[in-house]
Amino acid sequence: MGWLDGKVALITGGGAGIGRALVERFVAEGAKVGVLEVNAGRAEELAAVLGDSVCVVTGSVASFADNAAAVQRTVEKFGRLDTFVANAGVFDFFQPLAQYEGDQIGAAFDELMSVNVKGGLLGVRAALPELVRSRGSVIFTISNAGFYAGGGGPLYTASKHALVGLVKQLAHELAPKVRVNAVAPGGMKTELSGLSATGTSGQSLSQMDGLDTLLKDITPLQVSPMPEQYCGPYVLLASDDSVVTTGAIINTDGGFGVRGITGVRGGEGL
């Protein structure tokens, strides 16, 4: 018996990174899973591996029509929708404001926000009638960048701070019929990619040298987690054990919030 037996979820960006880990974990916990994935190759591979447990739609979260198609096909195949996970995102690779030239910042802003923020809004709106019907829930993927500086550049940080407010507003608007929560993971090596506007669309965090060491050095828990290690809180929030939880954000960032002014304690004196 799994925590999500009989549940149906729709996860955006489910073809790689934490999205792929979430799809696999939800299936392992007994759920059927719809996926909206922009990369056709990843979508095909996911469908081939997980078979009838998933319903994979190729499309962009920045398109309402694609979100609506993913909801429709998921419900057609599995009969219902209990949880929508707004997970898809892109990254600005820490580019500071002063390094943007001319109109580049406007194009980069529009590109990043259309995925990281607008994509979640469109997805929730497309899924809303089914979630109301099932008394279901929404889970956003935020980031440590939703709370602290330095987890990205100004565009990425702004997008994740925006999602913090969005979780609270939607939890307020959609209660009591739909719960809205979030998980805020820390850094990890994934296929999170950059922006066409800055020439980084072909890059990913998995290519960053020294990222594992950096994460261990700056987190009190001294960890550089794998995507699958972040999945537990999503399962909890999607389960019936969280029926009294809405407007909550679970930070799974290795302890950034208790890092301290002078640095990481690292278990001194223990």
Side-chain angles (χ1 to χ4, degrees), residues 12-20 36-43 58-67 70 85-126 140-167 169-170 182-215 218 224 227 249 253 256:
T12 66
I18 193 169
R20 174 65 180 263
L36 179 57
E37 168 59 45
V38 71
N39 184 294
R42 291 174 183 168
T58 302
S60 170
V61 296
S63 162
F64 181 78
D66 288 352
N67 279 282
V85 183
N87 170 75
V90 289
F91 193 49
D92 64 4
F93 281 92
F94 305 101
Q95 184 167 334
L97 180 65
Q99 290 184 6
Y100 288 93
E101 299 293 338
D103 290 338
Q104 184 189 53
I105 190 169
F109 178 93
D110 291 346
E111 183 180 352
L112 186 143
M113 290 292 180
S114 71
V115 175
N116 290 12
V117 182
K118 184 175 75 172
L121 279 168
L122 295 178
V124 174
R125 183 61 188 89
F140 283 90
T141 295
I142 303 185
S143 165
N144 56 279
F147 301 90
Y148 316 113
L155 300 187
Y156 186 76
T157 300
S159 75
K160 294 302 183 177
H161 273 67
L163 290 181
V164 171
L166 191 57
V167 168
Q169 180 64 26
L170 293 184
V183 180
M188 70 192 108
K189 276 195 169 182
T190 72
E191 297 307 309
L192 183 65
S193 61
L195 306 171
S196 296
T198 57
T200 58
S201 60
Q203 298 180 27
S204 70
L205 280 175
S206 64
Q207 298 169 333
M208 288 187 64
D209 293 334
L211 181 60
D212 288 328
T213 299
L214 172 65
L215 292 172
I218 64 176
S224 177
I249 301 172
D253 56 19
F256 278 121

Residues 93-109, side-chain donor-acceptor partners within the protein, below 3.5 Å, at least two apart:
from	atom 1	to	atom 2	distance (Å)
Gln95	NE2	Gln99	O	3.3
Gln104	OE1	Glu101	N	3.4
Gln104	NE2	Ala197	O	3.3

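A pairwise comparison of heavy atoms in Ala182 and Val167 identifies CB-CG2, 3.8 Å as the closest pair. Summarising the geometry of Ala184 relative to Ile249, their closest heavy-atom pair is CB-CG2, 4.1 Å, with the distance given to 0.1 Å. Closest non-hydrogen pair, Ser159 versus Asn116, comes out as OG-ND2, 3.2 Å. Here the closest heavy-atom approach between residue Ala86 and residue Gly120 is recorded as CB-CA, 4.0 Å. Taking each heavy atom of Val183 and Pro185 in turn, the nearest pair found is O-CD, 3.2 Å.
Checked by atom type and distance alone, the side chain of Thr157 never pairs as donor or acceptor with a backbone atom of Pro154 at under 3.5 Å. Side-chain atoms of Thr12 come within 3.5 Å of backbone N or O of Ala88 as a donor-acceptor pair. Listed for the Asp66 side chain is no donor-acceptor partner under 3.5 Å among the backbone atoms of Thr58. Side-chain atoms of Glu111 come within 3.5 Å of backbone atoms of Ser196 as a donor-acceptor pair (strictly under, hydrogens ignored).
For the atom pair OG of Ser143 and CD1 of Ile18, the computed distance is 10.0 Å after rounding to the nearest 0.5 Å. Atom NZ of residue Lys160 and atom CZ of residue Phe147 lie 11.0 Å apart, to the nearest 0.5 angstrom. With rounding to the nearest 0.5 angstrom, the CG atom of Leu122 is 9.0 Å from the OG atom of Ser114. The CD atom of Glu37 sits 10.5 Å away from atom OG of Ser60, with the distance rounded to the nearest 0.5 Å. Note: Leu121 CG to Gln169 CD = 10.5 Å, rounded to the nearest 0.5 Å.
Partners of Ser224 by side chain to side chain donor-acceptor pair (under 3.5 Å), not counting sequence neighbours, listed by chain and number: Asp212. For Asn87, the side chain to side chain donor-acceptor pair (under 3.5 Å) partners at least two apart in sequence or on another chain are Thr141. Scored by the side chain to side chain donor-acceptor pair (under 3.5 Å) test, Asp253 finds no partners at all (sequence neighbours excluded). Partners of Phe140 according to the ring pair (Phe, Tyr, Trp, His ring centres under 6.0 Å) rule, which considers only residues two or more places apart in sequence or in another chain, do not exist here. Here Thr198 pairs with Thr200 under the side chain to side chain donor-acceptor pair (under 3.5 Å) rule; sequence neighbours left out.
Ring planes of Phe256 and Tyr148: tilted class, angle from 30 to 60°.
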| request: Show the numbers, then the answer: is there a side chain to side chain contact (heavy atoms under 4.5 Å, CB included) between Val38 and Val61? | output: CA-CA 8 Å; Val38 71; Val61 296; over 6 Å; no

| field | Leu112/Leu195 under side chain to side chain contact (heavy atoms under 4.5 Å, CB included): CA gap, chis, key distance, verdict | value | CA-CA 7 Å; Leu112 186 143; Leu195 306 171; 4.0 Å; yes

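Side-chain contact between Val124 and Asn67: absent, with no pair of heavy atoms (C-beta onward) separated by less than 4.5 Å.
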